[in-house]
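In what follows, a structure is listed as structure tokens, so that the remarks can point back to it.
Quick note on labels: first sequence line is chain A, next is B, and so on, each numbered from 1. Values in this document were obtained by computation on a predicted structure and should not be read as measured data. Only heavy atoms go into these numbers, but all of them, side chains included; no hydrogens, no water, no symmetry mates.
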2 protein chains.
Amino acid sequence: MSSERQAADEPGEPEPAPPARPPRGAAFLLTQLGTHAAERFAVRVAELGLTPPDIGLLRTIATRPGRSQRALAAELGVVPSRVVALIDHLDGKGLVERRRSTEDRRNHELYLSEEGGRLLGEVWGIAAAHEDDILSALDDGQRDRLTELLGLVAAQQGLTPGVHPGYRNLPDGRRS
Amino acid sequence: MSSERQAADEPGEPEPAPPARPPRGAAFLLTQLGTHAAERFAVRVAELGLTPPDIGLLRTIATRPGRSQRALAAELGVVPSRVVALIDHLDGKGLVERRRSTEDRRNHELYLSEEGGRLLGEVWGIAAAHEDDILSALDDGQRDRLTELLGLVAAQQGLTPGVHPGYRNLPDGRRS
DNA sequence: TATTGTTATACTCTATAACTATA
DNA sequence: TATAGTTATAGAGTATAACAATA
């Protein structure tokens, strides 16, 4: 199946003949490449036994240790029950620790374990290799330019630096 | 606010905190913006009662009408049973038609209905508005440059033009 | 009564496998 | 026996709501 050409006027029943050009805009390329990059990154971190959400959680905890699960859920924009499941996973692997707060015993203060910190350290190397893989088509100058342009777009769109939108609750647009 | 290189080196301030810098690379920005753009697009097309997978299917059918579901599944890189569900949805809304092939009665030839073609026509306008929304931070020259750079990356990464990777089915991280 | 974390539950999405009807 | 489409089923992911402990 390699026929590139398709006759517009087929014999037989009259077709509506709709416009059918492929999307070439930057927005579609962003979606396409973003999904692709996410998949590739997922494959890489899977070698550490982690998922991309795991990474984000580890990173967020490392940024400000001792916070409650509620605070974490608020920052990431997810529902608290989801944090429970994610922390359960990381706790089961010995990467994070829940410590009952002495001030308010309802709270769980979250900390990275030593192993969690070590593993997070490995992630930086993986991220660098991933970056180099994805951008291997570009030279250094082009990479800088791309990074700058993407940064402008991300800032204007109101994206929180370092927080993946995948954590956020779906606005709408589910199947009807 | 221009990002003048990523000069976040050790400026001399003693950091008591663990290694917890947010990712600033282009690869993460791609993932972040790609997910964001996909969400926004989903919200827009939801007003037509459609989902992004629906759009991709309509577009692919319009590109070459009359193909079988099997052929469609192969092109998109999904399992045939998934095409059944997607076509069911579109068929139920009267946007596509299944026609038993007269040559091989096992096949279903897929066509857009008149309404399907009309709706797909509306999508182009929506896509243009979406593009303009996402890229509103950039002027025309910057948009061209961004599109060019993204095109280079997409080509090198082997992405099929116009086909969203979300359709692809890669179980354990294999890439074709 | 309000809040934190948890559990129970349901729903969406998507893949695998079994089944049918043709060939 | 082989193939196209379908149905049945299961699993991952994530949301909502009810619940227990604590304030």
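In terms of position on DNA chain C, the residue among A:N107 and A:D88 whose nearest nucleotide sits closer to the 5' end is A:N107. Summary of the strand contacts: A:T102 and B:R67 both lie near DNA chain D, and taking for each the nucleotide with the nearest heavy atom, the more 5' one is attributed to B:R67.
By the 6.0 Å contact criterion, CZ on B:R82 is enclosed, its count of non-hydrogen atoms from other residues, nucleotides or ligands being greater than 12. Other residues, nucleotides and ligands contribute at most 12 non-hydrogen atoms within 6.0 Å of the CZ atom of B:R105.
Rounded to a whole Å, the CZ atom of B:R100 is 15 Å from the P atom of C:dT20. Distance A:Q69 CD to D:dA21 C1': 14 Å, rounded to the nearest Å. If you measure from atom CG of B:D104 to atom C1' of C:dA23, you get 6 Å, rounded to the nearest angstrom. The separation between B:E109 atom CD and D:dG5 atom P is 10 Å, rounded to whole Å. Put simply, CD1 on A:I87 is 14 Å from P on C:dT7, counting in whole angstrom units. Atom pair B:E103:CD and C:dA23:P shows a separation of 11 Å (rounding to whole Å applied). In this entry the distance linking CG of B:L86 with C1' of C:dT12 reads 13 Å, nearest Å. With rounding to whole Å, B:R82 atom CZ is found 18 Å from D:dA8 atom C1'.
The pair A:E122-A:R118 counts as a salt bridge, with a side-chain nitrogen and a carboxylate oxygen less than 4.0 angstrom apart.
B:S101 and B:D104 form no side-chain donor-acceptor contact under 3.5 Å, judged by distance and modelled atom types alone. Looking at A:S136 and B:Q156, their side chains do bring a donor and an acceptor atom within 3.5 Å of each other.
Using a 4.0 Å heavy-atom criterion, one finds that B:R98 contacts the sugar-phosphate atoms exclusively. The residue A:S68 sits close only to the backbone: its heavy atoms come under 4.0 Å of sugar-phosphate atoms, none of a base.
Which of C:dG5, C:dT16, D:dT22 sits closest to the side chain of A:R105 comes down to D:dT22.
Judged by atom type and distance alone, A:S81 reaches the base of D:dT16 through a side-chain donor-acceptor pair under 3.5 Å. In this model, a side-chain donor or acceptor of B:R70 finds a partner on the base of D:dG5 within 3.5 Å. The base of D:dT3 sits with one of its N or O atoms less than 3.5 Å from a complementary donor or acceptor on the side chain of B:R106.
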